[in-house]
Amino acid sequence: MPTVNIYSRRKAFDDALIRSLKKKLIEQLSCKEIRLQANEISIRTIETNDAYMIAEIECEIKAHNFPERVVRQDDICNEVRKFLLDELPQCRDARVWLILSEL
């Protein structure tokens, strides 16, 4: 079950945007070994003071380490970043990290 923490200084994430983000994550994180469903992804939005952040929005995606994800990890991060910037035109910059782990 992937978990996603999104750090932002503004309340930019309404229910519709979270649902769209889940669809994007399903598309990006599903692979031969696993096909994700929306109810298997946990997304938390965390309001913070951005004075010490790298970008206006910072997104950490934690997911299981499947070989297909390892090969695509840069593409996954870039696709999620592009999604955030497209969906939030008021946002000038977003950063995305994919943290793959094994049990």
Ignoring hydrogens and geometry, is there a side-chain-to-backbone donor-acceptor pair from Glu40 to Gln37 under 3.5 Å? yes
Just verifying a value: how many Å separate Asn65 CG and Ser101 OG, rounded to the nearest 0.5 Å? 7.5 Å
Results of side chain to side chain contact (heavy atoms under 4.5 Å, CB included) for Asp15 - residues two or more places apart only: Arg19
Write down the atom of Leu84, the atom of Phe13, and the distance for their closest heavy-atom approach. CD2-CE2, 3.9 Å
Test item: Ser42 and Arg44 side chains (from C-beta on) under 4.5 Å apart, heavy atoms: yes
Distance, nearest 0.5 Å, that separates CD1 of Ile43 from CG of Asn5: 10.0 Å
What's the shortest heavy-atom distance between Glu47 and Arg9, and which atoms? OE1-O, 3.7 Å
Transitive ILVMFWY cluster of Trp97, excluding itself - 4.5 Å side-chain cut-off: Ile54
Are the side chains of Cys59 and Val4 in touch, meaning some heavy atoms are under 4.5 Å apart? yes
Donor-acceptor contacts, no H, no angles, side chain residues 27-34, under 3.5 Å, sequence neighbours left out:
{"from": "Glu27", "atom 1": "OE2", "to": "Lys24", "atom 2": "NZ", "distance (Å)": "3.1"}
{"from": "Gln28", "atom 1": "OE1", "to": "Arg72", "atom 2": "NH2", "distance (Å)": "2.8"}
{"from": "Ser30", "atom 1": "OG", "to": "Ile26", "atom 2": "O", "distance (Å)": "2.8"}
{"from": "Ser30", "atom 1": "OG", "to": "Arg35", "atom 2": "NH1", "distance (Å)": "3.4"}
{"from": "Ser30", "atom 1": "OG", "to": "Leu36", "atom 2": "N", "distance (Å)": "3.0"}

Supply the atom-to-atom distance Thr3 OG1 to Ile41 CD1, rounded to the nearest 0.5 angstrom. 10.5 Å
By ring pair (Phe, Tyr, Trp, His ring centres under 6.0 Å) - contacts of Phe66 (at least two apart): His64
Under the side-chain contact (heavy atoms from CB on, under 4.5 Å) criterion, do Leu88 and Leu17 qualify, and how do the steps go? CA-CA 9 Å; Leu88 298 166; Leu17 182 55; 3.7 Å; yes
Lys22 and Ala38 have their tightest heavy-atom pair at NZ-O, 3.1 Å
Taking the side chain as every heavy atom from C-beta outward, state whether Ile6 and Leu21 have any atom pair closer than 4.5 Å. yes
Heavy-atom check, side chain of Leu100 versus side chain of Leu98, under 4.5 Å: yes
Which side chain to side chain donor-acceptor pair (under 3.5 Å) pairs, counting each pair once, include a residue from residues 83-95, with sequence neighbours left out? Arg81-Asp93, Lys82-Asp86, Asp93-Arg95
Could you go step by step and tell me if Ile61 and Leu25 meet the side-chain contact (heavy atoms from CB on, under 4.5 Å) rule? CA-CA 9 Å; Ile61 304 166; Leu25 291 167; 3.8 Å; yes
Contacts of type side chain to side chain contact (heavy atoms under 4.5 Å, CB included), residue Met53, not counting sequence neighbours: Tyr7, Thr48, Asp50, Glu58
Looking only at heavy atoms, which two atoms of Leu85 and Ala94 are closest? And how far apart? CD2-N, 3.9 Å
Is there a path of hydrophobic side-chain contacts, each under 4.5 Å between heavy atoms, that joins Val70 and Ile99? no
